[in-house]
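Reminder, nothing fancy here: chain letters follow the sequence lines and each chain counts from 1. Excluded from the calculations below are hydrogen atoms, water molecules and symmetry mates; all remaining heavy atoms, backbone and side chain alike, are included.
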Amino acid sequence: MKKYSVFAIAREAMRGHKGWEEQWSSPEPKKDYDVIIVGAGGHGLATAYYLATVHGITNVAVLEKGWLGGGNTGRNTTIIRSNYLYDESAGIYDHALKLWDGLSQELNYNVMYSPRGVMMLAHNVHDIQVLKRHVHANRLNGIDNEWLTPEAAKEFCPPLNISRDARYPVMGATLQRRGGTARHDAVAWGYARGASARGVHIIQNCEVTGVKRAPNGAVTGVETTRGFIGARKVGVVAAGHSSVIMNMAGVRMPLESYPLQALVSEPVKPVFPCVVMSNTVHAYISQSDKGELVIGAGTDQYVSYSQTGGLHVLQHTLDAICEMFPMFTRMKMLRSWGGIVDVTPDRSPILAKTPVPGLFVNCGWGTGGFKATPGSGHVFAHTIARDDPHPINAPFTIERFRTGRLIDEAAAAAVAH
Amino acid sequence: MLLIRCPYCEEERPELEFRNAGEAHIARSADMAATSDDDFEKFFFIRSNPKGIIYERWRHMHGCARFFNAVRDTVSDRFLMTYKAGEPKPAKLPGAAK
Amino acid sequence: MIAAFRIPGAGRLKQAETARFSFDGQSYAGVEGDTLASALLANGVHLVGRSFKYHRPRGFLSAGAEEPNALVEIKRDFARKTPNVRATVQELYDGLTAQSQNRWPSLAFDVGAVNDIASPLFSAGFYYKTFMWPKSAWKNLYEPKIRAAAGLGVAPDQPDPDHYSARFAHCDVLVLGGGAAGIAAALAAAETGVRVILADEQADFGGSLRFESGAKIDGQDGFAWAQGAVATLKAMDNVRVLSRTTAFGYYAQNFVGLVERVSDHLQNPGREQPRERLWQVRAKRVVLATGAIERHMVFADNDRPGIMLASAARTYLNHYGVAVGRNVGVYTANDSAYAAAIDLKKAGVGVAAIVDLRDNPTGPIIDEARALGIEINFGRAVIRAGGKLRVSSMTVQPKNGGGERTIPVDAIMMSAGWTPSVHLFSQSRGKVAFNDETKRFVPGTYAQDCVSVGACNGTDGLSATIDEAYAAGAKAAKDAGANTVKGTKPKVDASESWSRGMLGAAPGAGPDTTVKAFVDFQNDVTAKDIRQAVHEGMRSIEHVKRFTTNGMATDQGKTSNMHGLAIAAETLDKPIPQVGLTTFRAPYTPVTFGAIIGHARGPLFDPTRKTAIHPWAERQGAVFEDVGQWKRAWYFPKAGEDMHAAVDRECVTVRKTAGLFDASTLGKIEVVGPDAAKFMELLYTNPWEKLEPGRCRYGIMLREDGFIYDDGVVGRLAPDRFHVTTTTGGAPRVMNHMEDYLQTEFPHLNVWLTSITEQWAVIAVQGPKSREIIAPLVEGIDMSDGALPHMSVREGRICGVPTRLFRMSFTGERGFEVNVPADYGQAVWEALWAEGQKHGACAYGTEAMHVLRAEKGYIIVGQDTDGTVTPGDAGLDWAVGKKKTDFVGIRGMARPDLVAKGRKQLVGLKTKDPKVVLEEGAQIVGDPKQAIPMTMIGHVTSSYWSQNCGRSIALALVAGGRDRMGETLSVPMPNGTIEVEVTGMVFFDEKGERLNG
């Protein structure tokens, strides 16, 4: 892998950019691998990358039914934060946040992690109680998260409407300064490049159609649109399609897949310095480096794999955006799209071994998986390599739904991811 | 916005009038207290989440307020049929009905 | 005065009516009916913008919605500034003020253009490969610089004074696009009598008839025919015609979003006029007649101002009467540019030469051009354009190489062919198919009840278009239920027709050059960028798009996508269909946020619920808090009181004499029927069968998983009638939860549920004097302790109106909740208030209510519980019927983790220093000296200063809390640790004697 740098760019500029290598190769699938990862999104590619770099397992294939990074990785609003309430959640998201810081250097690929601060707004007394509970828990967990008055919130984010006459006035906010955004495509591409350079096969346009198991129940490989591919271990990291793949292995999951929409405005000069989230009025907004306002909507109410949703969901979102930022009504929506998010009953992910020997699953990230990408890949690689979960992901089992030991961020906090 | 036929009102109405109520035909045990942990997990948490035909419940919230069942293709979001609560899973689905 | 490039006698505008406007501070004159673009061109202005990345000078590419370059800011006043307006779409009005964007200090001299010189460094995706050292520099140095350079216009910084409107509509046939095809389809459908909506994005209907001078229909000029036909349609009762209306999104089940620009073209919009209006239309059938968009030629420096699409130049001439230059060159790969050259030549504009990539095309249009004396060069390519702020020449070379020749020009018209506008079809989830012969994607498989006609369907020629569209319109009407067919198809007397053309880079932008041959103008994506992306391993067109940003500008690739795809396919050596097409997403063109939200702003953002007593509280100067959609009186400050003083006074007064509290927001559900008690047994943990009529019980509702879902006092009015109360926020979901079980799990029960939240106003009167305040106003109820003990309910009258009078207490004092029909709520409140005044009672708000109940250890679901708390955790085991064999949650609460030891339990906390009030949400630890991350064993759920106790009080969820009574725990705060003692939850009147006090 040739190193990227400003010098490499200068060198290539001299010769018409003819000397760049392929960022990842596109090999034909082999007959079998030590590990197959199903799904070349950020989490799957990160898993492959860490299998290779941390655990020395390079005989790995990442199978992707479409194009790598084309699912939720390339469709989300790229919010990164770790100020979760419970120790388990804080553990995994902060593990990820620590990896974000330095990921560009680790991958030699500028993923544009930008800790511009994530602000979460309180609009009523209940919000204040909930958000302060987060602030205190975060502080004792060593996670930065501070409480801001409405005035301080406006100072940090000048477009914010803190008028007392707003329908739901801002009564305060939390701020995680290490929170921010990153460039979603770059994350997928950077991990793909790093994994590919270490021998991992990334096989696109290769849809898994079945999971093969030996008479003793153990996984032996997968059927695909490009034939059978054998493997000793299979990790399913298929986001909205996770329950579809797991069903092929005979494992029914506590998951439902919903459409989640997002939109961007036309690009404008810098006007929005941070990320603002409001769970009460349902609005999530930041501004991309290109200048577009990036706005996340809520999920549609029904299970769907259509990657589309209703206009009324976007309307509701923009209602809230314009209520909090009244100067934006003259801005224009440039593009909207939908993803498929897999949601667990407690809104926390599953990263675990499964009842099927050799089969592992990493799913259920709901609306908030992007932020966890490096941490998720890192501990999932550990789980696959050692056949045993990393302490960080040990609580995120499938069994918790039987025992009742849930990690219910949503119920506990009425906070979306 | 979907267009949904309420089997009680016998009318197609916009999705705004309805509330989705999750997967259909998951019966609550008549002897709930005696249910095993595994069966309770299946009842309350495990969902089929199909890519394709789903049997699901809707409530005509801002209409007759009745719960009913629907058969929908989760890839196209097209409804195949709707039927009243308590009616069995249809044995046969209408073909390419729109 | 006629502007320099306005050609007398050309075009359709009344050239006398002038409108003054300004661009970048310079004043110009235009004509009524102009767009900003045509008016600027009439004045010889081509330079109007700068590109995104290289800040290259740019002019008009198009005359329509596909415009990538000519984006300006339109400013009506300080608050009405709109960035990124396409000058080709903005209609001119007298006094219009426009400004260029993305340049400093000026459009002609832009410092940012240094990027153009350094452009070899800024190759596709360069930013992924650098700016990584040192680590902190991305956030602190590089990113701020990049952000400042990026973006186009400037976002408005004031609240928008304009308003927006919204309409829902239903129709049988919705026709999208008002060119020849759309009009023909609408005529056919309308004549059957079905409900038709015809919409077009332009001010005038006619589509390409605006420039197709050769079209004749029903004996008239094509455009004139279109106006007549639309007038006919407008006169029909069953037809709605919407101009300036863009269909931007095609959603499930023939649901189409359209936005109508109502007043942006007016000099002085009326105050009552919305700026834009959103139409949400559900149609039985949709006819897509969205036309086609011309593509540019991809050659070196093809972005110089003055270089534009041939159809655009023709539109400016034939519709607006404007010449785009005096000596115009033509570069083409299909016939349509010949028609433009012919029209210009006939209008007296110099045509320097036609350069045609094709080797030996033949046809009448070529003969006509030749007959007019226009120089034609076959088999040649324009390999570069000269000039900087305006094109000055084109350099021509045989396409297989050879001698160069430079021809001076002041404008170039180009055409690489036409791309069918399949955007809406694709949004409808239809699948496009590639026609290899004509090199275009056309509608293939349909997914919804729609049909494509005309140019967007790949149908060439006016006759074929009208035949197809008229038939489709009639069929759509028939499918939508029409049974009569009448009317006559418009007759095409003369038409223009062309297809074919080329995709991708033309010779001269070839693989081995370093020239800038633009594919995507706005985002500065060149042919070599796309080749580089492929070389770097981007094999999916989606990767190419994202890596190069091709097609991601405000025009969303309307002119660039097909070229980009072809170059990628060529580089990959794959057929185009195998490389695939990027997904089309709504909106078709950018849509104003305001139009999408319509009226949902300010007070209409979300409904506000107010109780019957709200106006009284407002008059008393109450401060309100938002609880769900409700406004609730939070506290009632007297002059000079802050919140704490007011709350202290209210709390003390209630316990000393009495207080009145508006409890109307509490959810109320009436459960009625022979099986009402059975139903209550199943929905609540408590036993109900044996509750006597006239008595009340505190009920707990669980979800099936065993966690507390809601609570409230339930009164049994009669054997078959329960008056159930819920939390304020929980009322709708509790009702839904109950209905769900009643309708689907327990349909055998004979029970009716009615939400009565809004029917009854509820006035809580609490305190030692409460009975004395109420009694004088009550008729028919014996209010003695014997007849009306704590937790009982009676029906009678108060102030002459019916009441359900509850004897209950959420304060620990003797208390009542007076339910009266909501219409009488305020009157009864005022009567009670008058009585209360005699005893020194106060009105108290939600904050005092919270303090008073916490003094008694009464929980608030949603504050002291959070969806992970069982009845056992909350110390409410006593409320779970032990003998019951079933209720919702009975199994869930028996799961292993829910009965495990060490669960968090609700307890009381007393700070060692009684003056210190804990913060709600503060975390509790055993050892405060441990290192971070600390082991947290619980958190404070409620905490207040209690004036009645003379100290602070708190409730908390603590692991194994009930086994820790008397233990000292710590609450580490940023400025020091607070020591607390674990106590019981009751802080005041532990024996409960005051309930009858």
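- Within the 4.5 angstrom heavy-atom criterion, only side-chain atoms of A:His184, from C-beta onward, approach chain C.
- With hydrogens and angles ignored, the 3.5 Å screen pairs no side-chain donor or acceptor of C:Arg585 with any backbone N or O of A:Leu334.
- Here A:Asp289 contributes atom CG and C:Trp138 contributes atom CH2; the two are 5.0 Å apart, rounded to the nearest 0.5 Å.
- Heavy atoms closer than 4.5 Å to chain A are found nowhere in C:Phe122, neither backbone nor side chain.
- Looking at C:Thr868 and A:Leu406, their side chains never come closer than 4.5 Å, going by heavy atoms from C-beta outward.
- Among C:Gly729, C:Gly249, C:Ala553, C:Ser136, the residue making the largest number of heavy-atom pairs under 4.5 Å with chain A is C:Ala553.
- Ranked by heavy-atom pairs shorter than 4.5 Å toward chain C, the options A:Pro158, A:Gly16, A:Ser26 are led by A:Ser26.
- When heavy atoms are compared at a cutoff of 4.5 Å, A:Ala320 approaches chain C by way of both its backbone and its side chain.
- With a 4.5 Å cut-off on non-hydrogen atoms, C:Pro974 touches chain A through its backbone and its side chain both.
- Among the candidates C:Tyr142, C:Phe131, C:Trp133, C:Phe547, the residue making the largest number of heavy-atom pairs closer than 4.5 Å to chain A is C:Phe547.
- In this structure, the separation between NE2 on A:His136 and CG on C:Leu918 is 9.5 Å, given to the nearest 0.5 Å.
- Ranked by non-hydrogen atom pairs under 4.5 Å with chain A, the options C:Ala148, C:Pro603, C:Gly257 are led by C:Ala148.
- With a threshold of 4.5 angstrom between heavy atoms, C:Ala252 does not approach chain A through any atom at all.
- With a threshold of 4.5 angstrom between heavy atoms, C:Val925 approaches chain A through side-chain atoms but not through N, CA, C or O.
- The backbone N or O of C:Met538 lies less than 3.5 Å from no partner atom in the side chain of A:Gln23, so there is not a single donor-acceptor pair.
- In this structure, chain C has a heavy atom under 4.5 Å from the side chain of A:Asp185, while its backbone stays farther away.
- To the nearest 0.5 Å, the span separating NE2 on A:His126 from CD1 on C:Ile860 amounts to 10.5 Å.
- Heavy atoms of C:Ala149 lying under 4.5 Å from chain A belong exclusively to its backbone.
- Heavy-atom distances place no part of A:Phe325 under 4.5 Å from chain C, backbone and side chain included.
- If you measure heavy-atom distances from C:Glu73 to chain A, you find no contacts under 4.5 Å at all.
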- Check step by step if side-chain contact (heavy atoms from CB on, under 4.5 Å) holds for A:Arg167 and C:Arg601. CA-CA 9 Å; A:Arg167 174 66 187 85; C:Arg601 301 162 71 183; over 6 Å; no

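- The contact between C:Gln280 and chain A is made entirely by side chain atoms (from C-beta outward), counting heavy-atom distances below 4.5 Å.
- Only the backbone of C:Lys81 comes within less than 4.5 Å of a heavy atom of chain A; no side-chain atom from C-beta onward does.
- Across C:Gly153, C:Gly580, C:Ala600, C:Gly125, the residue that shares the most heavy-atom pairs under 4.5 angstrom with chain A is C:Gly153.
- For the atom pair A:Met171 CE and C:Asp626 CG, the distance stands at 8.0 Å (nearest 0.5 Å).
- Atoms CG and CD1, from A:Asn141 and C:Ile932 in turn, are 8.5 Å apart once rounded to the nearest 0.5 Å.
- C:Lys129 places no side-chain N or O within 3.5 Å of a backbone atom of A:Val6 that could act as its donor or acceptor partner.
- Between A:Trp189 and C:Tyr128, the ring-plane angle classifies as perpendicular under the 30° and 60° cut-offs.
- Only the side chain of C:Ser540 comes within contact range of chain A, with at least one heavy atom under 4.5 Å from a heavy atom of that chain.
- Contacts of A:Asp87 with chain C are made by side-chain atoms alone, with heavy-atom separations under 4.5 Å and no backbone atom involved.
- For A:Pro159, no part lies under 4.5 angstrom from a heavy atom of chain C.
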- Message: Could you walk me through whether A:Glu22 and C:Arg539 satisfy the salt bridge (Lys or Arg N to Asp or Glu O under 4.0 Å) test, starting with their C-alpha distance in whole Å, then the side-chain angles of each, then the deciding distance to 0.1 Å, before giving a yes or no?
- Response: CA-CA 10 Å; A:Glu22 282 196 333; C:Arg539 298 187 176 204; 3.0 Å; yes

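- If you measure heavy-atom distances from A:Phe7 to chain C, you find no contacts under 4.5 Å at all.
- Here the CH2-CD distance, from A:Trp20 to C:Gln532, works out to 7.5 Å after rounding to the nearest 0.5 Å.
- For a residue to count as touching a neighbouring chain, one of its non-hydrogen atoms must lie under 4.5 Å from one of that chain's; by this rule C:Tyr251 touches chain A with the side chain only.
- In terms of non-hydrogen atom pairs under 4.5 Å with chain A, the most contact-rich of C:Val869, C:Thr846, C:Ile596 is C:Ile596.
- Residue contact with chain A, scored on non-hydrogen atoms closer than 4.5 Å, involves the side chain of C:Lys139 exclusively.
- Taking the ring pair (Phe, Tyr, Trp, His ring centres under 6.0 Å) definition, one finds that C:Tyr164 meets it with nothing, sequence neighbours left out.
- Taking A:Glu64 as the reference, A:Ala40 meet the side-chain contact (heavy atoms from CB on, under 4.5 Å) condition, with sequence neighbours excluded.
- Checking side-chain atoms of C:His543 against main-chain N and O of A:Leu68 turns up a donor-acceptor pair under 3.5 Å.
- Under the 3.5 Å distance criterion, the side-chain polar atoms of A:Arg139 are matched with a main-chain donor or acceptor of C:Pro972.
- For A:Gln287, the parts lying under 4.5 angstrom from a heavy atom of chain C are both the backbone and the side chain.
- Remark: the backbone N or O of C:Asn84 is paired with a side-chain donor or acceptor of A:Lys332 at under 3.5 angstrom.
- Between A:Arg335 and C:Gln556 the shortest side-chain heavy-atom distance falls below 4.5 Å.
- Formation of a donor-acceptor pair under 3.5 Å by the C:Arg275 side chain with backbone atoms of A:Arg330 is not found in this model.
- A donor-acceptor pair under 3.5 Å is absent between the side-chain atoms of A:Thr403 and the main chain of C:Asp897, judged by distance alone.
- C:Arg429 places a side-chain N or O within 3.5 Å of a backbone atom of A:Ser306 that can act as its donor or acceptor partner.
- Note: C:Phe52 leads C:Phe52, C:Phe707, C:Phe248 in heavy-atom pairs under 4.5 Å with chain A.
- With a 4.5 angstrom heavy-atom cutoff, C:Glu920 touches chain A via backbone and side-chain atoms both.
- In this structure, no portion of C:Ala931 lies under 4.5 Å from any heavy atom of chain A.
- More than 12 non-hydrogen atoms from other residues, nucleotides or ligands lie less than 6.0 angstrom from CZ of C:Arg147.
- Interface residue A:Ile295: only side-chain heavy atoms are found under 4.5 Å from chain C.
- Side-chain atoms of A:Asp319 never come within 3.5 Å of backbone atoms of C:Phe605 as a donor-acceptor pair (strictly under, hydrogens ignored).
- Residue A:Asn205: no heavy atom, backbone or side chain, is found under 4.5 Å from chain C.
- Residue C:Pro928: no heavy atom, backbone or side chain, is found under 4.5 Å from chain A.
- There is no contact between A:Glu12 and chain C, counting heavy-atom distances below 4.5 Å.
- For A:Arg193, no part lies near chain C; criterion is any non-hydrogen pair under 4.5 Å.
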